[in-house]
Protein chains: 2
Amino acid sequence: MADSEALSSLAGDPVAVEALLQAVFGIVVDEAIQKGTSASQKVCEWKEPEELKQLLDLELRGQGESQEQILERCRAVIRYSVKTGHPRFFNQLFSGLDPHALAGRIITESLNTSQYTYEIAPVFVLMEEEVLRKLRALVGWSSGDGIFCPGGSISNMYAVNLARYQRYPDCKQRGLRTLPPLALFTSKECHYSIQKGAAFLGLGTDSVRVVKADERGRMVPEDLERQISMAEAEGAVPFLVSATSGTTVLGAFDPLEAIADVCQRHGLWLHVDAAWGGSVLLSQTHRHLLDGIQRADSVAWNPHKLLAAGLQCSALLLQDTSNLLKRCHGSQASYLFQQDKFYDVELDTGDKVVQCGRRVDCLKLWLMWKAQGSQGLERRIDQAFALAGYLVEEMKTREGFELVMEPEFVNVCFWFVPPSLRGKQDSPDYHKRLSKVAPVLKERMVKEGSMMIGYQPHGTRGNFFRVVVANPALTCADIDFLLNELERLGQDL
Amino acid sequence: MADSEALSSLAGDPVAVEALLQAVFGIVVDEAIQKGTSASQKVCEWKEPEELKQLLDLELRGQGESQEQILERCRAVIRYSVKTGHPRFFNQLFSGLDPHALAGRIITESLNTSQYTYEIAPVFVLMEEEVLRKLRALVGWSSGDGIFCPGGSISNMYAVNLARYQRYPDCKQRGLRTLPPLALFTSKECHYSIQKGAAFLGLGTDSVRVVKADERGRMVPEDLERQISMAEAEGAVPFLVSATSGTTVLGAFDPLEAIADVCQRHGLWLHVDAAWGGSVLLSQTHRHLLDGIQRADSVAWNPHKLLAAGLQCSALLLQDTSNLLKRCHGSQASYLFQQDKFYDVELDTGDKVVQCGRRVDCLKLWLMWKAQGSQGLERRIDQAFALAGYLVEEMKTREGFELVMEPEFVNVCFWFVPPSLRGKQDSPDYHKRLSKVAPVLKERMVKEGSMMIGYQPHGTRGNFFRVVVANPALTCADIDFLLNELERLGQDL
């Protein structure tokens with residue numbers, strides 16, 4: 001066996017390690033960061049899957065490759081990836097590239113630790129606590145608990161699991177079989193993770209009672225009341241309402257005060273899925289959209305969305321001060337959470353989660369916040385609202401853009417009506433033909449690489465575009481481009 | 001509102017962005033990568049929590065900070081963090097810093113996309129498929145399915161959920177209430193995530209039947225058979241056995257062939273939790289430890305552990321070719337998984353998971369594999385075994401080191417018997433006193449920053465150390481240091 005030399009390539013050769021990483025970082029800066037955020041470059045370089053497979057030469061072989069080959073692979077990976085930090089990427093509920101958050105992510109990766117104990121993550125245990133405290137303060141809580149989760153869906157599952165455990169602590173040990181049928185309530189506009197979570201947690205999707213939403217996508221509290229009565233009449237036990245602050249498609253905010261009243265009346269856990277809309281709490285101007293959130297029992301909030309902290313950064317916040325998280329999820333593994341440590345083992349927060357190893361998700365948010373201040377982040381939110389407003393007003397001045405509704409938030413939903421369909425609203429196949437426009441335009445923009453906007457059918461509405469105004473680097477010029485480009489791409493339709 | 005200028009600090013100023021990131025990267029290279037992996041530097045810089053809070057100045061304020069202040073914060077975060085890539089970090093089931101994997105992680109962070117659709121992750125959808133195919137081939141499967149999960153615990157939960165869905169597809173909709181009581185089986189040495197998962201999934205920890213392990217920590221197949229009969233006699237329906245390849249503390253490998261025979265006889269889903277031991281499949285010399293794994297229905301394997309790919313990199317592999325993952329977890333969200341896309345929507349793998357947004361976890365492993373080749377990774381595994389063997393042999397030549405057992409793997413478990421306890425094995429308080437040694441030595445090594453080794457009580461055994469030999473850069477000199485340092489730290493006890 002090897003004696004004094006390590007066998008892995010580069011390991012033990014600090015000069016070669018540094019040279020490799022400097023070369024890779026140079027490629028990252030040039031290709032992903034500079035070109036990747038430049039409006040003069042493509043947002044994506046579309047390739048058909050089979051062609052892309054050939055270009056990438058994905059196969060993993062016995063022999064390793066030279067540094068030159070590896071660097072070429074790094075360039076290819078970046079070249080053919082979508083540039084989500086690009087000012088013409090409007091496709092998802094995240095967009096943009098915050099340099100401080102990215103700096104935090106690079107440090108996180110270089111330190112590569114797990115968030116379970118103070119022993120191996122002293123800085124991040126304390127930092128997570130402080131970041132969660134700050135997020136809770138914005139919700140309106142002076143105490144409480146919380147944890148960063150691997151995404152908003154899992155945050156939502158945590159909330160459901162905590163609510164059922166609080167009501168039936170026995171279920172941790174004995175499971176659901178001995179419980180009455182449970183019912184949870186959410187609107188038809190909620191994120192699909194509520195359904196997925198109900199299935200995963202063993203409740204089944206039938207346990208999710210779907211509450212009506214109004215024409216703007218907001219839960220109707222009177223229907224919530226009605227659904228609760230119906231569930232009770234059927235012998236089910238209501239235990240949780242999941243309201244949404246910022247729905248996925250329409251960007252609607254459920255009326256939290258009225259929903260909280262209902263929850264209070266029936267003794268139900270109020271969870272607010274603010275994965276998308278939570279960041280609005282930073283804005284004095286717009287935070288009224290979440291009025292009543294301080295009455296929630298739990299809140300899911302993803303700073304990786306509107307705050308551009310980087311995937312993943314998803315906080316579950318709790319009003320609870322009774323150590324519910326740890327009681328519900330803890331299992332006191334003796335190899336990790338030794339009780340005879342030389343420091344306060346309350347700092348070992350890992351037993352609050354259902355995972356074991358857990359990524360450090362706080363540093364990127366913390367560093368960005370330190371650099372921007374709450375005021376800088378507030379300006380970012382206000383700017384996104386202002387630019388969404390600008391987009392809406394511009395649409396009204398142009399032919400061919402039909403809003404699905406006046407947006408409440410930064411999701412701007414609309415149909416692009418191509419020349420051949422204008423003025424034909426009364427023709428019998430208008431809606432069918434209109435529904436085919438967005439997929440065609442999407443294909444064209446992606447193949448040209450000029451921009452990316454998502455579309456979807458929704459209820460009885462045919463396909464419409466959803467522009468998400470989230471990138472903190474956006475300007476009115478980017479909005480103008482978006483409108484002009486849609487007109488250009490759709491002029492022959 | 002702003003017209004042509006973006007409000008966020010640095011956004012829209014590519015020169016300033018590059019300057020910041022270059023400065024941060026310089027700090028990362030110097031402090032985290034060079035010093036962080038140098039044996040001449042400390043593995044950790046211990047501070048009491050209150051002092052560390054002061055040093056870090058964690059509070060998030062209204063005003064942002066200057067670039068100079070931000071860079072100082074980056075330095076402080078690294079300074080007070082544990083260096084998990086350091087050659088004296090033996091504390092966890094991951095250690096070391098692979099430069100190619102880190103390069104892959106930095107690229108991943110700079111691209112910041114989500115793994116749900118080909119549309120926004122074309123490279124990574126194809127790459128994940130190829131990496132999973134390669135891992136499956138090492139298990140012994142020429143076809144199948146799989147997905148990267150946020151950690152091994154969630155991989156294990158996925159397996160349990162898939163197994164129950166396969167047997168009772170109705171449970172997705174109707175939940176567990178209508179099912180008979182279910183029983184799953186795992187040994188007392190299994191990872192605690194099996195218990196946590198059973199609670200989270202609504203089965204309850206009572207559904208986990210604990211099978212005996214032999215003196216080396218391996219599941220006893222005869223007791224598995226007995227437990228299955230007992231569960232059936234009590235009216236429960238057995239549905240899954242979770243065997244472990246590489247237990248957390250002792251590093252034991254359950255006898256998979258014999259367990260697979262039992263599963264086959266009873267028609268049970270065989271899951272293998274190879275989160276820790278799976279990487280041994282790369283070694284022709286040692287892969288016999290997992291003989292029989294090809295008979296499993298599912299395998300959890302974390303390349304972020306022994307392969308040092310970086311947290312998180314956790315694959316769930318399935319033998320299934322019936323699209324079970326998607327049937328079990330899918331919910332066909334129309335805003336994400338539109339069916340009228342211009343490409344083959346089978347490439348949109350996001351509906352296979354219970355999350356929505358999902359980190360890209362394949363690139364770091366792929367890039368490292370391309371650079372090292374399977375042969376380089378195999379040498380790394382073989383070297384870890386060889387160094388663990390060296391450690392064991394050296395212990396036998398020194399006074400004061402008592403092995404818990406001859407290790408099967410790279411977990412080396414032992415007591416350090418300090419001078420005052422040597423030859424006192426027969427004294428009535430020997431075990432009580434011996435149990436207090438590891439916590440004292442741990443405190444000393446951490447406060448000096450010289451090395452980190454985990455310890456734990458285990459069954460009826462008092463605290464013993466578990467050295468994990470995983471860092472690919474380790475040499476015999478590091479092992480010698482470890483032994484000498486324990487002797488030095490414990491000489492007065």
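We name chains A, B, ... by the order of the sequence lines, and we start the count at 1 in each one. Not measured: the values here are computed from a predicted model.
- Looking at B/Q69, there are no atoms closer than 4.5 Å to chain A (heavy atoms on both sides), in backbone or side chain.
- Using the six-membered ring where Trp is involved, B/W46 and A/Y343 have ring planes that are tilted, between 30° and 60° apart.
- Per-residue heavy-atom pair counts under 4.5 Å with chain B were compared for A/V249, A/L56, A/N302, A/L182, and the maximum is reached by A/L56.
- Between the A/R359 side chain and the B/L311 main chain, a donor and an acceptor come within less than 3.5 Å of each other.
- Proximity to chain B (any heavy atom under 4.5 Å) is shown, for A/S110, by both the backbone and the side chain.
- Contacts of A/V354 with chain B are made by both backbone and side-chain atoms, with heavy-atom separations under 4.5 Å.
- For the set B/Q338, B/K370, B/R73, the entry with the most heavy-atom pairs within less than 4.5 Å of chain A is B/K370.
- Of all heavy-atom pairs spanning B/W366 and A/L58, the tightest one is NE1-O, 2.8 Å.
- Chain A forms more heavy-atom pairs under 4.5 Å with one residue of B/F25, B/Y455, B/Y80 than with any other, namely B/F25.
- Options A/Q332, A/M127, A/E48, A/K83 differ in how many heavy-atom pairs under 4.5 Å they form with chain B, and the most are formed by A/M127.
- Of the inter-residue distances, the one linking A/Q456 atom CD with B/L336 atom CG reads 10.0 Å to the nearest 0.5 angstrom.
- Between B/F200 and A/F200, the angle of the ring planes goes over 60°, which puts this pair in the perpendicular group of the 30/60° scheme.
- Rounding to the nearest 0.5 angstrom, the gap separating the CD atom in A/E119 from the CG atom in B/N91 is 4.5 Å.
- Distance check, rounded to the nearest 0.5 Å: CD1 of B/I154 to CZ of A/R358 gives 11.0 Å.
- The choice from B/A16, B/S114, B/C44, B/C171 that makes the most heavy-atom pairs within less than 4.5 Å of chain A is B/S114.
- Summarising the geometry of B/H100 relative to A/I70, their closest heavy-atom pair is CD2-CG2, 4.0 Å, with the distance given to 0.1 Å.
- In terms of heavy-atom proximity, A/L367 sits nearest to B/C74 at CD2-SG, 3.9 Å.
- The parts of B/K172 that come within reach of chain A are both its backbone and its side chain, each placing non-hydrogen atoms under 4.5 angstrom from that chain.
- In terms of heavy-atom pairs under 4.5 angstrom with chain B, the leader among A/T108, A/T205, A/L203, A/L176 is A/T205.
- With respect to chain B, the highest number of heavy-atom pairs below 4.5 Å among A/C328, A/P122, A/G357 belongs to A/P122.
- Counting only distance, with no hydrogens or angles, the side chain of B/K196 and the backbone of A/H329 share a donor-acceptor pair below 3.5 Å.
- Chain A forms the most heavy-atom pairs under 4.5 Å with one residue out of B/G62, B/G36, B/G104, and that residue is B/G62.
- Annotation: side chain of B/C356 is not in contact with side chain of A/S193 (no heavy-atom distance under 4.5 Å).
- Remark: the backbone N or O of B/L111 is paired with a side-chain donor or acceptor of A/T84 at under 3.5 angstrom.
- The number of heavy-atom neighbours closer than 6.0 Å to NZ of A/K436, taken from other residues, nucleotides and ligands shown, is 12 or below.
- One finds the OG atom of A/S207 at 11.0 Å from the CZ atom of B/R177 (value rounded to the nearest 0.5 Å).
- The main-chain N or O of B/Q34 is never found under 3.5 Å from a side-chain atom of A/E18 such that the two would form a donor-acceptor pair.
- Between the side chain of A/Q355 and the backbone N or O of B/P150 there is no donor-acceptor pair closer than 3.5 Å.
- With a 4.5 angstrom heavy-atom cutoff, B/V29 touches chain A only via side-chain atoms.
- Chain A forms more heavy-atom pairs under 4.5 Å with one residue of B/K341, B/K47, B/H191 than with any other, namely B/H191.
- The two residues B/N112 and A/F94 come nearest to each other via the heavy atoms O-CE1, 3.4 Å.
- Here A/D340 contributes atom CG and B/K442 contributes atom NZ; the two are 10.5 Å apart, rounded to the nearest 0.5 Å.
- Both the backbone and the side chain of B/L201 come within contact range of chain A, each with at least one heavy atom under 4.5 Å from a heavy atom of that chain.
- Residues A/P49 and B/D344 are not in side-chain contact: their nearest non-hydrogen atoms beyond the backbone lie 4.5 Å or more apart.
- By the 4.5 Å heavy-atom criterion applied to side chains, B/T37 and A/P14 are not counted as neighbours.
- Between the B/R174 side chain and the A/D206 main chain, no donor and acceptor come within less than 3.5 Å of each other.
- Between B/F342 and A/P439, every side-chain heavy-atom pair lies at or beyond the 4.5 Å cut-off.
- For the pair A/Q92/B/I120, a side-chain contact is recorded, criterion being any heavy-atom separation below 4.5 Å from C-beta on.
- Ranked by non-hydrogen atom pairs under 4.5 Å with chain B, the options A/M157, A/H458, A/Q195 are led by A/M157.
- Of the inter-residue distances, the one linking B/Q372 atom CD with A/R61 atom CZ reads 16.0 Å to the nearest 0.5 angstrom.
- Your options are B/R164, B/Q67, B/M452, B/H304, and the one with the most heavy-atom pairs under 4.5 Å with chain A is B/R164.
- Looking only at side-chain heavy atoms (C-beta outward), A/E65 and B/W369 stay at 4.5 Å or farther from each other.
- When all heavy atoms of A/N161 and B/A199 are compared, the closest pair comes out as OD1-O, 4.4 Å.
- Note on A/N463, A/V24, A/L126, A/V28: by heavy-atom pairs under 4.5 Å with chain B, the leading option is A/L126.
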